[in-house]
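Report on one structure; see the data block that follows.
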Amino acid sequence: MSDIIAYKDHNNEYYDHEIENGIPVKSKSEDALNIMRHDMAHILAEAVTQLFPNAKPTIGPFIKNGFYYDFDMESTLSDEDLIKIEEKMREILNEGRSFIKRTVSKEEALKIFKDNKYKVELINNLDNSAEINLYDQKNFTDLCKGPHHSSTKDYEANIKITSVSGAYWRGISTNKMLQRIYATAFYSEKELNKHLKNLEEAKERNHRRLGTDMGLFLLTDLSAGNVFWKEKGLTLYQNIEKFIRSEQQKLDYKEVKTPELVSNELLVKSGHWDNFQENMFTSEKDNKTFALKPMNCPCHIVLFNSQLITYKDLPLRYSEFGKCHRYEPSGALNGLFRVRGFTQDDAHIFCTDEQIYDACNETTQLIERVYKKFGFEKIKYNISTKPEKSIGSQESWDNAVNQLKKVLTDNGKDFKILDGEGAFYGPKIEYTLEDSLGREWQCGTIQLDFNLPERLGARYKDKDDKNQTPIMIHRAVVGSLERFIAIILENTNGWLPLFITPIQLAILPVSEKFVDHCNDINSKLKDLDVRAIVDSSDNKLGYKIRNSVSKKIPYSLVVGEKEIETKTFNVRSRKGENTSFKNIEELNEFFKNN
């Protein structure tokens with residue numbers, strides 16, 4: 001997006017107008033909001049450098065729901081410092097700031113930023129002939145591609161600094177640790193307050209706390225970035241896997257299992273060794289180098305190549321709940337969201353050019369069904385197209401992209417085109433979920449691959465008995481199961497969908513003399529695949545009910561004299577609603593159908 005100015009139409013509405021190609025960006029749209037947040041990142045940098053003259057600003061982009069700026073500073077910022085910075089930002093906004101663009105040579109830019117090694121590094125990475133954009137405001141000049149509004153007076157900005165954390169320069173762990181100030185901005189105070197409330201709610205819903213309270217998993221430095229699944233957590237994990245497996249079986253997926261440890265010979269051939277080696281866990285044995293696989297796709301091609309495949313066998317769908325390992329710096333690990341060992345609900349579909357549409361259409365509908373079952377209704381769709389450096393003919397790319405567009409259009413989906421953001425080996429569809437707090441999570445993908453089958457010699461026999469290279473479609477529905485469990489825990493605040501929750505029912509005897517009867521009920525329910533527990537403690541009934549709710553058990557069954565005499569099952573929901581069942585078969589049907 002190029003430089004922009006603001007103007008009013010006859011309804012006195014602001015529009016941000018893109019000068020170069022005349023595309024208007026309506027005021028308060030998502031694009032305009034992102035530009036405003038980019039403005040605020042510069043305001044943040046001005047505030048910090050005014051209060052801390054020795055601070056070295058580095059980069060400061062807008063992000064989803066806000067913006068940040070990284071600084072090299074002599075001392076660690078305190079909560080009091082953040083308050084002062086926010087007050088300074090408001091003072092600057094009250095004065096108003098214009099963002100004035102100027103273009104300079106590389107030589108001139110190096111002189112301007114000679115005291116900031118970070119900006120110098122960024123400038124030196126540019127071509128010598130490149131013209132460099134700077135944006136000036138009253139007390140601050142930044143190296144920036146833009147765009148920016150002409151002035152902060154064009155809109156109202158309600159700001160809030162939300163946190164500070166460490167961040168390595170350029171994301172490289174061997175570089176210096178900088179201080180990253182996170183903040184957000186909205187046009188209205190109401191929108192800001194809603195967002196801040198969601199942030200507080202997100203803290204309450206933190207999946208690490210829920211995982212501890214619900215007894216699901218353990219994270220420890222004894223195996224940093226890997227998950228110790230407890231009994232209940234493994235039940236949750238397996239229930240998700242079971243459901244996805246059942247949906248895949250309906251579509252004739254062939255489930256396989258490939259080794260976690262592979263020779264680097266395979267990864268050299270696939271190209272992953274050259275591009276991904278520093279992120280692999282490796283070992284030297286028998287004068288050979290082995291690696292824990294970082295992805296499943298090369299192994300699936302090994303299976304494909306192990307047999308004679310003809311056009312009649314295509315499309316061939318391999319699926320695997322494959323365990324992968326990737327090195328993540330310790331500072332980047334984040335609960336289940338970012339781990340070193342994870343399981344992908346991975347699949348690879350081998351097909352012909354003519355089969356791309358049907359395979360991707362079928363996969364999109366599969367992804368939709370799975371997300372809906374897990375309670376996600378809001379999904380965003382992006383198609384990433386050919387980057388500058390790519391393989392395959394333009395005709396192949398155009399055909400593939402057109403088929404992906406048709407898939408989403410035929411399914412009634414709105415989507416964005418991300419020009420040039422596809423992988424070098426093919427275009428893709430990305431599926432992004434929106435959770436109950438408005439946060440977005442990119443989960444599912446359909447990635448077309450013109451490269452890997454060729455590199456690893458995958459061939460099938462066509463109708464004329466000639467060898468042909470198949471198209472390979474990489475497909476994930478939820479992606480990492482660990483990450484998806486974190487997402488769904490926070491989305492539901494631990495009140496998981498009934499079909500995957502580890503414990504569906506707490507059976508609560510009124511007193512000790514009813515424990516045996518409760519155990520008998522539990523035994524019958526277990527035979528019917530209802531997941532229940534009996535609270536045989538000496539605690540009073542009220543405490544037992546509260547305890548089952550605190551453990552996120554959605555239903556409880558109280559058993560006393562009355563229930564035994566009437567032979568009824570009175571089930572209480574977490575919201576206090578009661579449902580009566582005449583027999584255990586009716587009770588089973590309830591859990592089976594919800």
Side-chain angles (χ1 to χ4, degrees), residues 59 61 63-66 68 70 162-175 177-180 182 199 202-212 214 216-230 233-234 236-237 240-241 260 272 275-282 291-296 321-346 374 376 430-435 437-445 447 474 476-492 494:
I59 57 171
I63 56 175
K64 173 67 180 175
N65 287 326
Y68 69 80
D70 290 347
T162 53
S163 63
V164 62
S165 68
Y168 294 111
W169 168 238
R170 306 298 289 270
I172 300 171
S173 60
T174 53
N175 286 342
M177 178 74 78
L178 308 174
Q179 294 188 71
R180 175 171 293 178
Y182 285 100
L199 289 180
K203 289 179 184 177
E204 289 298 312
R205 294 180 176 214
N206 186 290
H207 70 277
R208 283 167 288 194
R209 182 185 66 78
L210 290 168
T212 299
M214 297 170 68
L216 302 179
F217 55 81
L218 174 67
L219 298 170
T220 167
D221 288 341
L222 294 173
S223 184
N226 292 282
V227 187
F228 289 75
W229 291 104
K230 299 182 180 181
L234 184 59
L236 168 60
Y237 180 103
I240 293 173
E241 192 178 89
E260 291 180 38
H272 291 106
N275 296 305
F276 209 73
Q277 182 181 352
E278 64 182 22
N279 298 104
M280 295 186 200
F281 292 96
T282 60
L292 289 172
K293 64 179 180 183
M295 62 279 297
N296 301 300
F321 293 96
K323 190 64 180 285
C324 298
H325 292 83
R326 297 177 188 176
Y327 172 71
E328 297 282 359
S330 57
L333 299 176
N334 180 14
L336 303 187
F337 284 134
R338 197 159 185 180
V339 292
R340 289 173 175 166
F342 57 95
T343 300
Q344 289 183 307
D345 68 322
D346 218 351
F374 286 119
F376 294 102
E430 292 181 345
Y431 302 79
T432 300
L433 304 177
E434 183 178 318
D435 71 11
L437 297 180
R439 298 173 300 179
E440 293 182 354
W441 308 96
Q442 198 275 305
C443 289
T445 56
Q447 171 76 63
H474 304 253
V477 177
V478 302
S480 158
L481 263 67
E482 288 77 7
R483 179 172 175 266
F484 186 71
I485 287 172
I487 292 169
I488 201 167
L489 279 171
E490 296 196 3
N491 181 60
T492 62

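Note that the structure is a prediction, hence the values are computed from the model and not measured.
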Rounded distance [0.5 Å steps], CZ in F321 versus CG in L481: 6.5 Å
Under 3.5 Å: donor-acceptor pair, side chain of H207, backbone of L336: yes
Shortest non-hydrogen contact between W169 and N175, atoms and distance: O-ND2, 2.8 Å
Closest non-hydrogen atom pair, K64 against G438: CE-O, 4.1 Å
Aromatic ring pairing W441/F337, orientation class (parallel under 30°, perpendicular over 60°, tilted between): parallel
Non-hydrogen side-chain atoms of N279 and P294 separated by less than 4.5 Å: no
R340/S330 under side chain to side chain contact (heavy atoms under 4.5 Å, CB included): CA gap, chis, key distance, verdict: CA-CA 9 Å; R340 289 173 175 166; S330 57; 4.0 Å; yes
Approximate separation, where rounding is to 0.5 Å, of N491 CG and E434 CD: 10.0 Å
Gap between atom CG of N275 and atom CD of E278 - 0.5 Å precision: 10.0 Å
Nearest-0.5 Å distance that lies between atom CD in Q442 and atom CG in L433: 9.0 Å
Full working for side chain to side chain contact (heavy atoms under 4.5 Å, CB included) between L333 and V339: CA-CA 6 Å; L333 299 176; V339 292; 5.5 Å; no
CG on N65 to CG on L437, rounded to 0.5 Å: 10.5 Å
Main-chain N/O of G479 paired to D345 side chain as donor or acceptor, under 3.5 Å: yes
Check: F484 ring centre within less than 6.0 Å of F374 ring centre: yes
Side-chain touch W229/L236, heavy atoms, less than 4.5 angstrom: no
Any residue meeting side-chain hydrogen bond (donor to acceptor under 3.5 Å, both in side chains) with N334, in chain and number order, not counting sequence neighbours: R208
Closest heavy-atom pair and its distance - L210, G494: CD1-N, 3.9 Å
Check: S163 side chain, Y182 main-chain N or O, donor-acceptor pair, under 3.5 Å: no
H474 and M295, any side-chain heavy atoms less than 4.5 Å apart: no
Straight-line distance of T220 OG1 to N226 CG, nearest 0.5 Å: 10.5 Å
Flag side-chain contact, heavy atom, 4.5 Å: L216 against L489: yes
Pairs where residues 481-490 contributes a residue and the test salt bridge (Lys or Arg N to Asp or Glu O under 4.0 Å) is met, not counting sequence neighbours: R439-E490
